[in-house]
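Here's the structure we're looking at; comments come further down.
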Number of protein chains: 2
Amino acid sequence: MNDISFNPRDCGTCPIRHRAVCSRCEPDELEQLDAIKYYRTFEAGQPVIWSGDPMEFVSSVVSGIATLSQTMEDGRTQMVGLLLPSDFIGRPGRDAAPFDVVAVTDLTLCCFRKKPFEDMMEKTPAIGTRLLQMTLDELDSAREWMLVLGRKTAREKIASLLTILGRRDASLHKRPPRDGMSFELPLTRESMADYLGLTLETVSRQISALKKAGVIELQGKRRVIIPDLEALIAETGSDMDGAPIT
Amino acid sequence: MNDISFNPRDCGTCPIRHRAVCSRCEPDELEQLDAIKYYRTFEAGQPVIWSGDPMEFVSSVVSGIATLSQTMEDGRTQMVGLLLPSDFIGRPGRDAAPFDVVAVTDLTLCCFRKKPFEDMMEKTPAIGTRLLQMTLDELDSAREWMLVLGRKTAREKIASLLTILGRRDASLHKRPPRDGMSFELPLTRESMADYLGLTLETVSRQISALKKAGVIELQGKRRVIIPDLEALIAETGSDMDGAPIT
DNA sequence: GCGCAACTTTGATCAGGATCAAACAAGAAA
DNA sequence: TTTCTTGTTTGATCCTGATCAAAGTTGCGC
C-alpha cells in the first residue's frame, strides 16, 4: 500500500483517472480537475460520513480501507460494501449519504467538491460514462454478495470473503493470485461478521475450522496464507468464478 | 397494470422516457429513438436471458414482472432483483448478461438494440446521466436488501417484502399507500423464498403467523390486505423508512 | 363431473448458527 | 514488571429456520 503515486495529476488508484477520462479531454479540463481536487485523511476507526448526512464531496480511496454499512435501531449491523483503494465514494446528483462510511484503517481519500465535479461531468461526458461503468460493476458485486448472504453456509461465507480479500490484495500489489500467497486481514472478526451476516464467534470458529482442514494457514491472528487457492475456492460453494466483489 | 400507454413515442413506464431524456433533445433525436425501439413479449415462466449469454439489447419493463437471479451448481437460488414496470434491464457497454432473467408473469419489454442505443447515448449525454441515476438507485436498493438478507428474521423478511410489494403496487396504480390497501402477490411462495433467502415452508408459516397476528389478511392465497400499514412496517424491524427496493 | 398437476399449508424432527459465558493473547499505559 | 484494554478463541446450551413428510387447496383439461 506504499506504492501509491501522489502525483497531483493522477493519484494512481483514483477511479476518476485523468488518463482514463481524458483520452479526449482538452488540456484545460485537466487543469480544472486539479483545481477542484483535494485530499483528506482519516484515522483508523474514524467515521467519514453518517447515513443521511449531507455529502458535499465525491471521492475515491487512495490508500487504506473503509466500510459502508447500515445499522438497525436495535444495533444489528450489516456491512454493504468494503471500500478498497481505487473504489469510489459518493453520489453525483444526490445530497445525502445513503449509508455510514467508516475508516477501518488509516485512510486517504482523493476528494472533489460535488458541485464543480457535477459541472465538470456535464462538460465532459466521458466522466459520466466511466462512473456508469463503475456503478454497474458495483451493482453486480452487490448482487453477487446477496447470494453469499442469502444462501451460503457460514463456512462458505468465510471462504468467499477470504477469496475476495486475497484477490483484491493481489491485484492491489499487481501480483497474480497464486498458491502460497499471503495477505493481511484488514478487518476484525466482528467486521467480518458484519459483512457476512454472522456473529463474531461463528467467524472465529469457521476460520479455525478452515485452518484445521488445511485450507488456510494463519501467522498470528491476521495474516492468512493460502497454500492452495483452488482448495479455498472449492470451499466457497463456487459459482462466483472470478467475479470481483466490492 | 392495464393503464399502461403504448404510445410509440413514450410507453409511459419506460425509464428511457423520451420526455425525461429530451428536455434538451433535438426533434430528430426523438425520431432516432423511435427507429431503434421495438417490443418483445414473454409468457409467464419463460426465460428472458440466461447469465453469461450475449445480450444484444437493453430494455425496460412495460408490463408484467420479471426476476433477476443466480443459481449455484447444487441448485440453491438467490433472487437478486425484482423487475417491475419501469425497471431497466441491460448493461450498456457489456456483452454478457450477469444474471438470469425470467418472466414470472406475462411480460412486455420495450427494447433497444444495444449498439444503436450506445451510439445514441454518446450523442445524447442526458441518457447516460439518467441511466447513472437509475443505476445508483438500484445499487442503494440492492444494498438495503443486503440488510434484509443478512440480519433480519424470517418474520421481518416477510414483512419487508410485503411492505415493498404493497408500496410498488400502490405507486404503479398511482395511489398513495394507505391503510386497508390490498394487492395481488406476484410471486409464488417459492419465489418469495428465493428472494428472501428462506425456504418456501418458512415463507408459508410466517405468512400464516402474520395473518394470525392480524397484521395482514388474505383473500385466497394471493391477495393481501394490509389493514394497518404502520403495524406491518413495525414488523419489518424498520430502518428502511420509505426506501424503495427494486 | 373426475383426475391430475401445481401450489400451499401444516406437522415432526433436526441442525446450523446464535447466545451466553469464560478464558486466552497481545499490545499499550502506568 | 503489572494492569488494563481490545480482540480472539473455545465451550455449553438454546432456538430459529431447514428438512423431511403428508395432507389440503385450487384450477385446468378431459
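The shown structure was predicted, so the numbers you read here are calculated from the model rather than taken from an experiment. To find a chain, count down the sequence lines: A is the first, B the second, and so on, and within it residues start at 1. Just so it is clear, the values below take in all heavy atoms, side chains as well, and ignore hydrogens, waters and symmetry mates.
Contacts between residues 206-218 of chain A and DNA chain D, defined by a heavy-atom separation below 4.0 Å, involve A:S208, listed by number.
In terms of modelled atom types and a separation under 3.5 Å, the side chain of B:D106 and the main chain of B:A44 share a donor-acceptor contact.
Between B:E201 atom CD and C:dA12 atom C1' the separation is 13 Å, expressed in whole Å. A:K152 places its NZ atom 18 Å from the P atom of D:dA18, with the value rounded to the nearest Å. Remark: P of D:dG17 and CZ of B:R76 are 18 Å apart, rounded to the nearest angstrom. Straight-line distance from the NZ atom of B:K157 to the C1' atom of D:dA18: 12 Å, rounded to whole Å. The CD-C1' distance, from B:E190 to D:dA18, rounds to 15 Å in whole Å. Remark: P of D:dG7 and CG of A:L185 are 14 Å apart, rounded to the nearest angstrom. When the C1' atom of C:dC7 is taken as reference, atom CG of B:L200 falls 9 Å away, rounded to whole Å. Nucleotide D:dG17 holds its C1' atom 15 Å from the CG atom of B:L149, rounded to whole Å.
Between B:R189 and the phosphate of C:dT9, there is a side-chain N or O to OP1/OP2 separation shorter than 4.0 Å. Considering only side-chain N and O atoms, A:T202 lies nowhere under 4.0 angstrom from the phosphate OP1 or OP2 of C:dG17. Listed pair A:T199 / C:dG17 fails the phosphate criterion, with no side-chain N or O lying under 4.0 Å from OP1 or OP2.
At a cut-off of 3.5 angstrom, counting only N and O atoms as typed in the model, there is no donor on one side facing an acceptor on the other between the side-chain of B:R155 and the base of D:dG17.
Using a 4.0 Å heavy-atom cutoff across all strands shown, A:G197 reaches sugar-phosphate atoms only and no base atom. At a threshold of 4.0 angstrom between heavy atoms, the contacts of B:T188 are confined to the sugar-phosphate backbone, with no base atom among them. Heavy atoms of A:R222 sit under 4.0 angstrom from primed sugar atoms or phosphate atoms, though from no base atom.
Nearest heavy atoms, A:P85 versus A:L172: CB-CD1, 3.7 Å. Between A:P227 and A:I216, the shortest heavy-atom contact is CD-CA, 4.0 Å.
Among the nucleotides D:dG17, D:dT10, C:dT9, the one closest to any side-chain atom of B:S204 is C:dT9. When distances are taken from the side chain of A:K221 to each of C:dA25, C:dA21, D:dT26, the shortest belongs to C:dA25. Comparing C:dA25, D:dT10, D:dA18 by their nearest atom to the side chain of B:L198 picks out D:dA18.
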Query raised in the report: Which is it for B:T163 and B:S160 under the side chain to side chain donor-acceptor pair (under 3.5 Å) test, yes or no, and what are the steps along the way?
Result: CA-CA 5 Å; B:T163 303; B:S160 300; over 6 Å; no
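Listed by chain and number, the residues in a side-chain contact (heavy atoms from CB on, under 4.5 Å) with A:P177 are A:A170, A:M181, A:L229 (sequence neighbours excluded).
Judged by closest nucleotide on DNA chain C, B:M192 is the one of B:R205 and B:M192 placed further toward the 5' end.
In this model, no donor atom of one side chain and acceptor atom of the other lie less than 3.5 Å apart for B:S204 and B:R189. In the model, B:T108 has no side-chain atom that pairs as donor or acceptor with a side-chain atom of B:T41 under 3.5 Å.
For the side-chain contact (heavy atoms from CB on, under 4.5 Å) criterion with A:Y195, the lone passing option out of A:L82, A:V80, A:T67 is A:L82.
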